[in-house]
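Note sheet for the following structure.
Residue numbers run from 1 in the order of the sequence given. Counting starts at 1 for both ligands and their atoms, in listed order. Because the structure is predicted, anything quoted here is derived from the model rather than measured.
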Amino acid sequence: GTNLKEEIVHVKQILDAAQIEVSIDGDLKLIQTPSFVENVLSMCLKEAVTNVVKHSKATVCHITICQSPDELLIRVQDDGIGMRYPISEAEGHGLSGMRERLEFVNGSLDFKIEQGTTLNIRVPNVIQ
Ligand code: ATP
Ligand code: MG
């Protein structure tokens with residue numbers, strides 16, 4: 001599996017190559033996150049960024065990592081054309097695959113379509 005820090009380096013390269021400006025905010029060092037959860041997060045981040053490159057026509061992509069005592073959030077925001085309603089997850093396997101894997105770690109996926117697409121990838125973050 002890949003850790004999140006390595007995946008961030010990788011997606012940054014993908015966005016650079018696609019000439020999409022990228023900003024990365026937040027704490028990249030995960031606190032007490034099990035490696036299987038980190039693997040799921042890395043996979044989701046990769047798919048989210050692949051979708052930005054493939055579908056969004058964005059010029060900018062913001063990636064934010066927020067850790068609170070009870071939640072770990074990765075937000076991938078683009079300024080592109082936005083997903084069309086109704087959101088057809090039947091077109092591909094990316095979004096449904098993300099959702100399936102997130103359910104497996106009690107996480108969730110939601111998106112907001114407003115001046116582009118914002119994808120929120122969440123998992124519970126239980127710090128002892
Ligand atoms: P796959 O992921 O299986 O290679 P896919 O990318 O088409 O195929 P999904 O990742 O499930 O499938 O995405 C479903 C659809 O949602 C896409 O086909 C695209 O129309 C739309 N979409 C996803 N992300 C974005 C985005 N960031 N901006 C605009 N449209 C998007
Ligand atoms: Mg996809």
Who gets closest to atom 5 (P) of ligand 1 by heavy atom: H55, R99, H93, M98? H55
Sorted by chain and number, sequence neighbours left out, side chain to side chain donor-acceptor pair (under 3.5 Å) with D27 holds for none
State, with a plain yes or no, whether a side-chain heavy atom of V123 is found less than 4.5 Å away from one of L41. yes
May I ask you to decide if I113's main-chain N or O and T117's side chain share a donor-acceptor pair within less than 3.5 Å? no
Spell out, yes or no, whether L73 and L102 are grouped together once hydrophobic residues are joined by side-chain heavy atoms under 4.5 Å, including indirect joins. no
Non-hydrogen atoms of K57 versus ligand 1: any pair closer than 4.0 Å? no
Under a 4.5 Å cut-off applied to non-hydrogen side-chain atoms, are T118 and F111 in contact? no
May I ask you to determine how many protein N/O/S atoms are under 2.8 Å from the Mg ion (ligand 2)? 2
Please determine whether any non-hydrogen atom of G80 lies less than 4.0 Å from an atom of ligand 1. no
Any ion pair linking D110 and R122 (charged N to carboxylate O, less than 4.0 Å)? yes
Going by atom types only, do T59 and D79 share a side-chain donor-acceptor pair under 3.5 Å? yes
Close side-chain approach of N39 and N3, heavy atoms under 4.5 Å: no
Closest to atom 10 (O) of ligand 1 (judged by heavy-atom distance), picking from V52, D78, N51: N51
Looking at E47, which atoms of ligand 1 are within less than 4.0 Å of one of its heavy atoms? 2 (O), 10 (O)
Just by distance, do the side chain of N125 and the backbone of S68 share a donor-acceptor pair under 3.5 Å? yes
Using a strict cut-off of 4.0 Å, indicate which atoms of ligand 1 neighbour a heavy atom of G92. 3 (O), 5 (P), 8 (O), 11 (O), 12 (O)
How many angstroms lie between atom CD of E38 and atom CE of M43, to the nearest 0.5 angstrom? 15.0 Å
Nearest non-hydrogen atom to atom 1 (P) of ligand 1 belongs to which of M83, K54, Q77? K54
Below 4.0 Å from ligand 1: does a non-hydrogen atom of R84 turn up there or not? yes
Between E7 and K46 (salt bridge meaning N to carboxylate O under 4.0 Å), is one present in this structure? no
Can you tell which part of L95 has a heavy atom less than 4.0 Å from ligand 1: side chain, backbone, both or neither? both
Pairs of nitrogen or oxygen atoms closer than 3.5 Å, one from I81 and one from ligand 1: do any exist? no
